[in-house]
Number of protein chains: 2
Amino acid sequence: MAAPSGADGVPGPDAGWLRAMADEVRAFDRSSTAERVADLLRRRVIEGDLPPGRRLSEEQLVDVLHVSRNTLREAFRLLTHEGLLVHRLHRGVFVPELDEEELVDLYRLRRTIECDVVRRLGRLDPVRLRPLHDDVAAAEDAARRGDWGAVGTANMRFHQHLVALAGSRRIDETAARLLAEVRLAFSAVGSPQRLHEPYVRRNRALLELLVDGESERAAKELEDYLQDSEAELLAALRDRAGERSGDRPRRTP
Amino acid sequence: MAAPSGADGVPGPDAGWLRAMADEVRAFDRSSTAERVADLLRRRVIEGDLPPGRRLSEEQLVDVLHVSRNTLREAFRLLTHEGLLVHRLHRGVFVPELDEEELVDLYRLRRTIECDVVRRLGRLDPVRLRPLHDDVAAAEDAARRGDWGAVGTANMRFHQHLVALAGSRRIDETAARLLAEVRLAFSAVGSPQRLHEPYVRRNRALLELLVDGESERAAKELEDYLQDSEAELLAALRDRAGERSGDRPRRTP
DNA sequence: CTTGTCGGATTGTTCAACAACTGTCTAGGT
DNA sequence: ACCTAGACAGTTGTTGAACAATCCGACAAG
């Protein structure tokens with residue numbers, strides 16, 4: 001039903017044709033207005049244009065986007081479900097501020113999913129690893145150019161393609177949510193180079209372990225990888241919190 | 001921010017009081033008509049009152065529930081995101097019919113999360129296992145009474161409390177969604193006794209492994225457990241599908 | 001048996017208005 | 001100077017109605 005497979009009838013030679021076409025149609029008429037608005041806002045939030053803690057006014061956005069309030073609210077709901085906005089009753093929607101506790105929680109589930117996916121992989125057809133190769137190559141290229149934003153994007157796509165190897169819709173969706181939230185944390189931190197550069201190399205190392213079918217070792221490596229990433233992000237977050245409370249003098253000295 | 005913990009201030013002796021009260025208030029003022037409607041429908045769907053494949057008419061529900069169409073649609077969105085309803089453009093919302101592929105996908109993520117949570121547990125304070133004890137006891141009690149619906153409910157709560165041991169909000173929420181979908185699959189299958197009875201004993205066995213701190217063995221046991229559960233559900237689903245296509249004669253014999 | 005067309009029914013989207021709630025500010029008391 | 005109660009303005013929650021777009025079955029023509 002909800003599965004986009006065209007596997008209803010004959011699995012004849014037309015299957016590829018039909019399925020590709022069906023997917024295209026689906027992508028085209030995807031219910032539009034609300035989702036288009038959601039796409040727009042999603043980009044803004046992930047890109048960091050909207051700072052964490054900021055409230056998104058319905059009235060204001062309705063004027064700018066020329067959509068009805070109900071439609072806008074539907075877009076809000078989509079993004080809220082993705083974790084990119086938080087909704088507080090009678091107060092509106094806000095760009096979430098990930099505190100340390102939230103970040104730990106986020107990485108907890110991320111480790112669970114990604115490591116488990118990798119551990120269960122075993123040896124697999126090299127063709128399926130192609131998207132991962134492309135992502136690593138893109139990251140290396142962007143790193144050479146010094147475009148750390150692009151490096152971050154490529155790294156995120158690497159992880160998305162990594163979990164996609166499990167071939168599970170629900171895992172893909174859950175991972176997508178988590179990775180979007182991770183990017184949110186990224187955007188709240190300065191110095192993107194220090195944040196992304198080390199993981200270009202580690203992604204390649206991870207990929208090579210997968211090519212060799214060393215899924216168990218790959219899972220172990222990924223575990224450390226994510227541990228380090230979390231620690232670094234946590235440190236950056238703590239620094240920022242320190243600055244914030246530091247530059248404003250105490251009320252009663 | 002979004003975390004509903006009341007652990008902001010002093011962890012003094014009042015913590016229990018305050019937290020309980022805060023939870024109660026929160027449960028009360030989460031009114032938001034849409035959420036109340038969603039709660040109502042959620043129960044109906046999980047309980048199996050609404051058969052899979054059934055369409056929920058907006059007009060009809062608006063009349064019965066005395067809410068506006070927009071509000072009802074908001075409730076639909078909430079449940080759609082939980083996987084308890086599917087939305088087909090210009091056709092309405094339906095109670096999903098889980099086919100075999102979907103069920104496999106569902107259990108794939110369920111295994112990933114539950115097993116990983118258990119594997120990482122290690123030895124832990126017996127107090128934290130108390131909810132699990134209660135759930136197993138409730139299931140055994142209901143089984144003695146022959147109330148297999150209650151057995152199913154207790155088993156589901158056992159798993160919810162199991163993953164709660166990880167102490168992660170995101171894991172709790174994801175598991176809740178998955179378990180709701182599992183119940184959906186249950187309701188689509190007859191003979192609840194055969195479906196639930198074996199797992200009462202297996203839940204107790206699992207719990208005892210946890211009491212002994214044998215988290216690695218517990219994870220392994222849980223893996224088999226879920227494998228069996230999936231297989232049984234798949235078989236039941238296949239049977240039902242067979243009956244359906246069987247009682248209608250072929251068009252061109 | 002397939003293809004084209006029509007009409008009823010249902011959903012998608014928008015709008016405007018009112019009710020309910022939140023955070024802030026002020027007035028008054030201690 | 002500090003605290004509390006109450007009013008105020010601004011925002012969100014909810015409703016009902018309206019119109020456009022789309023689906024579905026039926027019916028007719030090739």
Side-chain angles (χ1 to χ4, degrees), chain A residues 1-2 4 8-10 14 22 24-41 50 53-81 85-97 251-253, chain B residues 1-2 4 8 22 25-41 50 53-81 85-96 250-253:
Chain A
M1 287 297 122
D8 302 304
V10 287
D14 295 340
E24 220 173 304
V25 167
R26 218 176 309 277
F28 187 75
D29 78 38
R30 70 159 171 220
S31 68
S32 79
T33 324
E35 292 206 12
R36 260 186 321 231
V37 172
D39 281 348
L40 198 151
L41 292 177
L50 302 167
R54 165 124 180 201
R55 183 176 127 254
L56 281 73
S57 160
E58 292 187 357
E59 197 178 25
Q60 190 177 341
L61 285 174
V62 162
D63 282 349
V64 175
L65 300 175
H66 300 287
V67 296
S68 108
R69 242 176 97 210
N70 284 322
T71 304
L72 178 64
R73 283 161 137 264
E74 211 163 286
F76 280 169
R77 236 165 273 286
L78 290 173
L79 294 174
T80 297
H81 180 68
L85 294 178
V86 294
H87 179 38
R88 292 192 274 216
L89 195 62
H90 291 290
R91 272 187 263 175
V93 298
F94 299 77
V95 180
E97 306 183 84
R251 196 166 299 211
T252 54
Chain B
M1 285 298 124
D8 301 303
V25 168
R26 218 177 311 277
F28 186 74
D29 84 21
R30 83 173 169 187
S31 12
S32 171
T33 320
E35 292 202 15
R36 254 175 323 194
V37 171
D39 280 348
L40 198 152
L41 291 177
L50 302 166
R54 166 125 180 199
R55 183 177 129 256
L56 284 87
S57 160
E58 293 187 357
E59 195 179 21
Q60 191 178 340
L61 285 174
V62 161
D63 283 349
V64 175
L65 300 175
H66 299 287
V67 298
S68 113
R69 231 177 106 213
N70 285 321
T71 303
L72 177 64
R73 285 166 136 263
E74 249 170 58
F76 281 169
R77 291 270 166 205
L78 291 173
L79 294 174
T80 297
H81 292 334
L85 293 177
V86 295
H87 182 118
R88 290 189 274 208
L89 194 63
H90 288 123
R91 273 187 261 174
V93 298
F94 299 78
V95 180
R250 301 301 184 93
R251 196 167 298 212
T252 55

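The chains referred to below are lettered A, B, ... by the order of the sequence lines, with proteins before strands, and numbering in each begins at 1. Because the structure is a prediction, the values reported are computed rather than measured.
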Query - For the student: nearest non-hydrogen atoms of E97(A) and G53(A), plus distance - result: CG-N, 3.4 Å
**Report entry** E58(A) CD - dC15(C) P separation (whole Å)
**Finding:** 14 Å
**Report entry** Considering all heavy atoms, the nearest A75(B)-A34(B) contact
**Finding:** CB-O, 3.5 Å
**Report entry** For atom CD of E74(B) and atom P of dT13(C), their distance in whole Å
**Finding:** 14 Å
Taking N or O atoms only and anything under 3.5 Å, show me the protein contacts with nucleotides 22-24 of chain D, one pair per line.
unit_1  : atom_1 : unit_2 : atom_2 : d
dT22(D) : O3'    : H90(B) : ND1    : 3.4

Query raised in the report: Rounded to the Å, how far apart are R73(A) CZ and dC15(C) C1'?
Result: 14 Å
Report task. For E59(B) and dT11(C), give me the distance from atom CD to atom P, rounded to whole Å. Result -> 8 Å
Query - L72(A) CG to dT11(D) C1', straight-line distance once rounded to whole Å - result: 13 Å
Query raised in the report: Can you name the residues that form a salt bridge (Lys or Arg N to Asp or Glu O under 4.0 Å) with E58(B), not counting sequence neighbours?
Result: R69(B), R73(B)
**Report entry** Sequence-distant partners of L78(A), side-chain contact (heavy atoms from CB on, under 4.5 Å), two or more places apart
**Finding:** E35(A), A38(A), H81(B)
Requested in this report: Please report the C-alpha distance between V95(A) and L85(A) in whole Å, then the side-chain angles of each, then the deciding distance to 0.1 Å, and finally whether the side-chain contact (heavy atoms from CB on, under 4.5 Å) criterion is met.
Outcome: CA-CA 5 Å; V95(A) 180; L85(A) 294 178; 4.2 Å; yes
Nucleotide N/O to protein N/O under 3.5 Å, stretch nucleotides 5-9 of chain D:
none

Report task. Grab the CZ-P distance between R88(A) and dG10(D) for me, whole Å please. Result -> 21 Å
Query raised in the report: For DNA chain C, what residues of residues 64-71 of chain B have any heavy atom nearer than 4.0 Å?
Result: R69(B), N70(B)
Query raised in the report: Between E35(B) (CD) and dT14(D) (C1'), how many Å, whole number?
Result: 14 Å
Requested in this report: Apply salt bridge (Lys or Arg N to Asp or Glu O under 4.0 Å) to R91(B) and list each qualifying residue two or more places apart in sequence or on a separate chain.
Outcome: none
Query - Residues in ring pair (Phe, Tyr, Trp, His ring centres under 6.0 Å) contact with H87(A), at least two apart in sequence or another chain - result: none
Query raised in the report: So which one's nearest nucleotide on DNA chain C is more toward 5', V93(B) or V62(A)?
Result: V93(B)
Query raised in the report: What is the distance from CZ of R55(A) to C1' of dT11(D), rounded to the nearest Å?
Result: 6 Å
Report task. Applying side-chain contact (heavy atoms from CB on, under 4.5 Å), name anything that partners L65(A), two or more places apart in sequence or on another chain. Result -> V37(A), L40(A), L61(A), V67(A), L72(A)
